[in-house]
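See below for the structure under consideration.
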Amino acid sequence: MRWNALVAGLGSCVLAACSSSTMPDAVLFDVGSSVALSSEGAAALWPRDPVQIVRTRLEGDVLHLDIEYGGGCAEHRFQLVAAGSFQESDPVQMQAFLAHDDGDDPCDALLTSSLRFSLEPIAVAFRSAYRASSGRVLLRIDGWAEAIDYRF
């Protein structure tokens with residue numbers, strides 16, 4: 001499966017729910033994932049099953065995403081994927097999206113969960129590209145209207 005090759009070594013967020021008559025909330029198995037930086041061509045390979053971001057919160061280098069998605073019968077995987085390059089502006093910007101592999105889940109219950117992603121790889125890339133010890137990046141996530149103002 002493509003997903004396994006893409007997340008090897010990245011640490012993905014994996015959510016699962018069981019198909020019992022009393023469906024529990026999704027269980028988050030890995031909450032320490034980092035944003036994945038991807039080239040434009042490689043970004044097209046990430047799975048893009050439906051997911052809605054309902055709330056964002058930035059605490060230091062950690063971005064919290066509250067999400068909703070359909071499912072309930074299969075494992076779901078999520079990865080925040082950002083462009084590997086910056087858009088030149090003041091401050092610089094970076095495009096991102098939430099990759100979602102629904103595992104071909106045939107169920108359609110409305111599930112909610114919270115994900116956390118470290119944005120530290122963006123700070124590392126910025127420091128390397130601009131040779132600066134601190135910076136600011138406006139992270140624009142597909143499906144979320146407001147830019148995330150990431151300062152480090």
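Just so you know, these numbers use all the heavy atoms, side chains as well, and skip hydrogens, waters and symmetry mates.
In this structure a side-chain-to-backbone donor-acceptor pair under 3.5 Å is missing from Gln95 to Phe86. Side chain of Arg151 to main chain of Arg136: no donor-acceptor pair is present (N/O by atom type, distance under 3.5 Å, no hydrogens or angles). The closest donor-acceptor contact from the side chain of Asp105 to the backbone of Cys73 lies under 3.5 Å. The backbone N or O of Asp49 sits nowhere less than 3.5 Å from a side-chain atom of Asp102 that would complete a donor-acceptor pair.
Contact between Ala83 and Leu37 at its shortest, heavy atoms only, is O-CD2, 4.0 Å. The two residues Glu88 and Val92 have their closest heavy-atom pair at OE1-CG1, 4.0 Å. Across Ala96 and Leu139, no two heavy atoms sit closer than the pair CB-CD1, 3.7 Å. Here the closest heavy-atom approach between residue Val81 and residue Ala99 is recorded as CG2-CB, 4.0 Å. Residue Cys107 comes nearest to Gly72 through the heavy atom pair CB-N, 4.0 Å, listed as atom of the first residue, atom of the second, then distance.
For the atom pair CG of Leu115 and CG of Leu80, the computed distance is 9.0 Å after rounding to the nearest 0.5 Å.
Applying the ring pair (Phe, Tyr, Trp, His ring centres under 6.0 Å) rule to Phe152 yields the partners Phe126, Tyr150; only residues at least two apart in sequence or on another chain are considered.
Applying the 6.0 Å contact sphere to CD of Glu146 captures no more than 12 heavy atoms from other residues, nucleotides or ligands.
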